[in-house]
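Take a look at the structure below.
Remember, it's a predicted structure, so these values are computed and weren't measured experimentally.
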Amino acid sequence: MSGTYIVIEGNDGTGKSTQAELLADYCRQQGREVIIVEEPGSDDPDKTTPIASYLRSLIKNGTLTRDPEINLALFSAARRELWQQKIAPALNRGAVVISARNYISTLVYQGYGEGIDTDHIVAITKLFTDERYTKPDFIIILTLDNESERKKRIAKRSQSIDTSDTFESRSSNFQKRIDAAYRTIASELPSSYVIECYDNGHCKTVEQINVEIQSIVKQL
């Protein structure tokens, strides 16, 4: 696959979708074809497929109580659909694929957060996708060490949503485990870069974060 696979990761409220759009603009200015994908699906039909979006609606429905293994199964099914229908074809034709989340989210949430063995998650992911999927060219992890700011961003984004999100609404202790897990994974996976969205008592601007991301992928 001759394309470039870039993943933007991070806890809810860190601005992944916004940064994916800005990075896409930057890559297009370099003359590259770019597609954006959102896992496990998206409200934007250009960033998903109908099947992935349907699975996403189940995943995000906080009224449906599920075992963590069911969450893994739902995410893996959506992941296979997006890999086969969107990501792999784009990489094969040499495009830049920018994905808001990939299996790293499952390592963090279902592994470190819900207690599933991470080796099991990796094995299931490879079964549903392939080796290329698990090794993006760039993994950019956005962190936001300010829980009140994170909640504020999510509330602003979710004003029109009637049901609570399965993971967004969990306790502060759960969110802290998620943030810590992202940092741990970043230290273990190659091609991983951590960008602090909150630094020295202040939130960085969208533009400041975008510049940092550009400096990481400038060798495209």
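Ring pair Tyr109/Tyr182 is perpendicular by interplanar angle, where above 60° counts as perpendicular and below 30° as parallel.
The shortest heavy-atom contact between Pro89 and Trp83 is CD-O, 3.7 Å. For the residue pair Ser2 and Gly94, the shortest heavy atom distance occurs at OG-CA, 3.4 Å. Contact record, Arg66 with Asn61: NH1-O, 3.7 Å, taken as the closest heavy-atom pair. Nearest heavy atoms, Gly113 versus Arg177: O-NH2, 3.0 Å. Closest of all the heavy-atom pairs between Lys86 and Val37 is CB-CG2, 4.1 Å. For Ile124 against Ser76, the heavy-atom pair with the smallest separation is CG2-OG, 3.4 Å.
Remark: Glu207 pairs with no residue by the salt bridge (charged side-chain N to carboxylate O under 4.0 Å, His left out) rule, at least two apart or across chains. For the side-chain contact (heavy atoms from CB on, under 4.5 Å) test, residues two or more places apart in sequence or in another chain that qualify with Thr18 are Leu22, Val206. Considering only residues two or more places apart in sequence or on other chains, Glu33 meets the side-chain contact (heavy atoms from CB on, under 4.5 Å) condition with Ile35, Arg93, Ala95. Under the side-chain hydrogen bond (donor to acceptor under 3.5 Å, both in side chains) criterion, Lys204 pairs with Glu212, sequence neighbours left out. By the side-chain hydrogen bond (donor to acceptor under 3.5 Å, both in side chains) test, Thr48 pairs with Ser53, sequence neighbours left out. Residues that satisfy the side-chain hydrogen bond (donor to acceptor under 3.5 Å, both in side chains) test with Arg80, not counting sequence neighbours, are absent from this structure.
Ile59 and Tyr54 fall within a single hydrophobic cluster, where Ile, Leu, Val, Met, Phe, Trp and Tyr are joined by side-chain heavy atoms under 4.5 Å apart, directly or via other members. When the side chains of ILVMFWY residues are joined at heavy-atom separations under 4.5 Å, either directly or via intervening members, Ile140 and Tyr198 end up in two distinct hydrophobic clusters.
Between Arg28 and Asp25 there is a salt bridge, since a side-chain N of the basic residue sits under 4.0 Å from a carboxylate O of the acidic one. Comment: Lys47 engages Glu21 in a salt bridge, judged by a side-chain N to carboxylate O separation of less than 4.0 angstrom.
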